[in-house]
Number of protein chains: 2
Amino acid sequence: MQQRSEETRKQIVDTAQTLFAQHGYEATSVSEICDAAGLSKGAFYHHFPTKQMLFLELLDNWLDRIDNTLDQSRWEKADIPQAMIHMANTTKGIFQEADGGLPMFLEFWSQARLDPEIWQATIAPYHRYQKYFKLLIKEGIAEGSLKDVNPHLAALMIVSLAIGMLLQYVLDPQGENWGEVATQSMHLLLDGLARREE
Amino acid sequence: MQQRSEETRKQIVDTAQTLFAQHGYEATSVSEICDAAGLSKGAFYHHFPTKQMLFLELLDNWLDRIDNTLDQSRWEKADIPQAMIHMANTTKGIFQEADGGLPMFLEFWSQARLDPEIWQATIAPYHRYQKYFKLLIKEGIAEGSLKDVNPHLAALMIVSLAIGMLLQYVLDPQGENWGEVATQSMHLLLDGLARREE
DNA sequence: CAAAACATACCGACTGGTCGGTTTGATTCT
DNA sequence: AGAATCAAACCGACCAGTCGGTATGTTTTG
């Protein structure tokens with residue numbers, strides 16, 4: 001019993017993931033998901049209270065995968081700048097992890113920005129990343145590998161860069177080798193653009 | 001006669017701008033726009049072929065205003081880094097220029113990303129900005145105020161930063177003084193984060 | 001058998017867009 | 001001047017279809 005139930009649930013999630021990525025959240029109807037999954041609407045609403053809740057599950061899955069990817073590159077590096085560069089390297093994986101699903105997250109979020117409940121679910125992880133990098137930079141300053149910059153500001157910058165690149169990746173996936181761009185950007189950010197007097 | 005027509009058209013555009021910003025693009029129906037504008041659906045479709053086309057007009061208006069804002073800070077420059085910082089200063093104005101309308105652009109774009117025609121209308125200005133900054137950086141390198149970095153890459157970074165901050169501004173307008181953050185970030189980007197051996 | 005799992009038929013609300021008709025205001029004709 | 005004319009501007013009832021969600025029935029499973 002539980003066996004079949006879980007399979008069905010997984011089937012719904014997987015199918016929805018694919019269709020959302022393909023046509024977007026709004027453009028994909030519950031009926032379409034059911035048809036493609038070879039199930040009925042009854043089955044769908046047996047497993048999920050609303051379409052939104054199904055989506056939130058997808059969102060959580062994705063955030064979890066990001067967290068894992070990010071944490072992995074945290075521990076092996078002794079030096080903060082190196083850790084940051086390594087993180088930039090993993091960006092490509094994060095891009096692909098979403099597997100074309102990024103636009104749908106964006107769409108969903110922009111739709112649900114007025115719903116307080118959904119709003120919390122989306123903004124919380126964002127603040128988490130902000131704090132994460134702030135801490136990282138503080139460590140870097142403490143260990144002397146980074147300048148004595150404003151950690152909060154620097155963290156905002158890094159998050160901005162990440163978000164900006166994610167968005168551009170969505171916009172134009174083929175236009176650039178975004179994984180490479182992420183890595184090089186981190187180097188550039190660490191070194192600075194302006195010529196120094198020597 | 002033409003007098004009235006233009007007033008009506010403006011009325012539609014203004015009302016739509018407000019409602020889209022308030023509730024989003026999809027969530028705002030044509031009927032709602034008509035009601036709020038004190039007009040009929042017939043009037044609406046007399047002036048605009050589709051809801052999408054009305055939106056594209058709003059988009060164009062906004063892009064024009066950005067271009068103007070950006071170009072203004074271009075000519076008084078003495079030195080490329082200074083011009084870049086000055087541009088970062090104007091970011092705040094660009095944020096406010098959209099006046100709560102940013103989410104709707106995002107939503108619309110994420111919805112219409114599969115429509116080739118709309119796609120062109122949205123991606124073209126984006127590429128324009130990329131080239132604009134690339135050129136700026138080349139000039140900076142030529143005049144010796146910038147390091148000999150990869151101009152394309154640096155331009156991508158700046159655009160990424162801008163996009164990322166725009167998005168975060170949308171996400172959390174009150175959370176930070178984003179105008180100030182933009183300015184400081186540009187300084188940080190020019191100087192770099194990493195401590196130099198001296 | 002009871003409860004969970006799934007299917008089917010259906011609902012009410014709402015959508016963008018259409019269409020035949022009416023109003024308006026400037027132009028032309030007498 | 002004033003009546004006739006005509007096209008642009010505007011109205012609003014009305015599609016044809018979609019949507020998320022529900023109520024009720026049927027099958028499967030422990």
Side-chain angles (χ1 to χ4, degrees), chain A residues 1-20 22-59 104 107-115 117-118 121, chain B residues 1-20 22-59 104 107-112 114-115 117-118:
Chain A
M1 196 75 156
Q2 277 152 351
Q3 182 70 14
R4 188 152 88 103
S5 179
E6 273 180 28
E7 271 172 20
T8 303
R9 189 190 172 86
K10 187 178 185 311
Q11 178 70 9
I12 293 175
V13 169
D14 289 349
T15 308
Q17 160 92 308
T18 304
L19 290 183
F20 284 160
Q22 224 153 25
H23 310 298
Y25 173 76
E26 276 290 322
T28 304
S29 70
V30 175
S31 303
E32 275 174 338
I33 297 174
C34 295
D35 287 352
L39 292 166
S40 70
K41 252 185 176 181
F44 181 95
Y45 281 99
H46 178 74
H47 288 280
F48 299 93
T50 66
K51 189 188 177 189
Q52 255 187 5
M53 286 304 144
L54 160 64
F55 188 89
L56 283 185
E57 187 158 319
L58 294 183
L59 185 72
M104 86 187 176
E107 177 197 347
F108 178 79
W109 160 77
S110 68
Q111 296 248 340
R113 85 196 135 96
L114 300 171
D115 183 321
E117 191 186 351
I118 310 295
Chain B
M1 202 72 161
Q2 274 151 353
Q3 180 69 16
R4 188 150 86 103
S5 179
E6 273 181 29
E7 271 172 21
T8 302
R9 190 189 172 87
K10 188 178 185 310
Q11 178 69 8
I12 293 175
V13 170
D14 289 350
T15 308
Q17 160 92 304
T18 304
L19 289 183
F20 283 160
Q22 222 154 25
H23 311 297
Y25 173 76
E26 276 290 322
T28 304
S29 71
V30 176
S31 303
E32 275 173 338
I33 297 174
C34 296
D35 287 352
L39 292 165
S40 70
K41 248 185 179 179
F44 180 97
Y45 281 100
H46 177 75
H47 288 281
F48 299 94
T50 65
K51 188 186 176 189
Q52 257 187 5
M53 285 306 141
L54 160 63
F55 188 88
L56 283 185
E57 187 159 318
L58 294 182
L59 185 73
M104 86 186 177
E107 175 197 347
F108 177 79
W109 160 78
S110 70
Q111 296 246 342
L114 300 170
D115 183 320
E117 190 187 351
I118 310 295

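Chain letters run A, B, ... following the sequence lines, proteins first and then strands; every chain starts at 1. Please read all numbers here as calculations on a predicted model, not as lab measurements.
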* Asked: Given atom CZ of Phe55(B) and atom C1' of dG17(C), what is their separation to the nearest angstrom?
  -> 19 Å
* Structure fact -> Rounded to whole Å, the CD-C1' distance (Glu7(A) to dA4(C)) equals 16 Å
* Closest nucleotide among dA8(D), dG12(D), dC6(C) to the His46(B) side chain -> dA8(D)
* To do: Please state whether the phosphate of dC6(C), meaning OP1 or OP2, lies under 4.0 angstrom from any side-chain nitrogen or oxygen of His47(A).
  => yes
* Evaluation steps, side chain to side chain contact (heavy atoms under 4.5 Å, CB included), between Glu107(B) and Phe20(B) -> CA-CA 10 Å; Glu107(B) 175 197 347; Phe20(B) 283 160; over 6 Å; no
* May I have the step-by-step check of side chain to side chain contact (heavy atoms under 4.5 Å, CB included) for Leu56(B) and Met53(B), ending in yes or no? => CA-CA 5 Å; Leu56(B) 283 185; Met53(B) 285 306 141; 4.0 Å; yes
* Structure fact -> To the nearest angstrom, the CZ-P distance between Arg9(B) and dC10(D) comes to 11 Å
* Side chain proximity check, Glu57(B) to Arg9(B), heavy atoms < 4.5 angstrom -> yes
* Structure fact -> Per-nt protein contacts along nucleotides 14-27 of chain D (heavy atom under 4.0 Å; B base, S backbone sugar-phosphate only, - none) come out as -----SBBB-----
* Only one of Thr18(A), Thr15(A), Leu19(A) passes side chain to side chain contact (heavy atoms under 4.5 Å, CB included) with Thr28(A); say which it is. => Leu19(A)
* **Verdict with supporting geometry, Ile33(B) and Leu54(B), side chain to side chain contact (heavy atoms under 4.5 Å, CB included)** => CA-CA 11 Å; Ile33(B) 297 174; Leu54(B) 160 63; 4.2 Å; yes
* For the pair made of CD in Gln11(B) and P in dA9(D), what is the distance, rounded to whole Å? -> 16 Å
* To do: Answer yes or no: is there a side-chain heavy-atom contact under 4.5 Å between Tyr25(A) and Lys51(A)?
  => yes
* Please state how far atom NZ in Lys10(B) lies from atom P in dC10(D), giving the value in whole angstrom units. => 15 Å
* Send over the distance from Glu6(A) CD to dA4(C) C1', rounded to a whole Å. => 14 Å
* Whole-Å distance separating the CG atom of Leu39(B) from the P atom of dT23(C) -> 17 Å
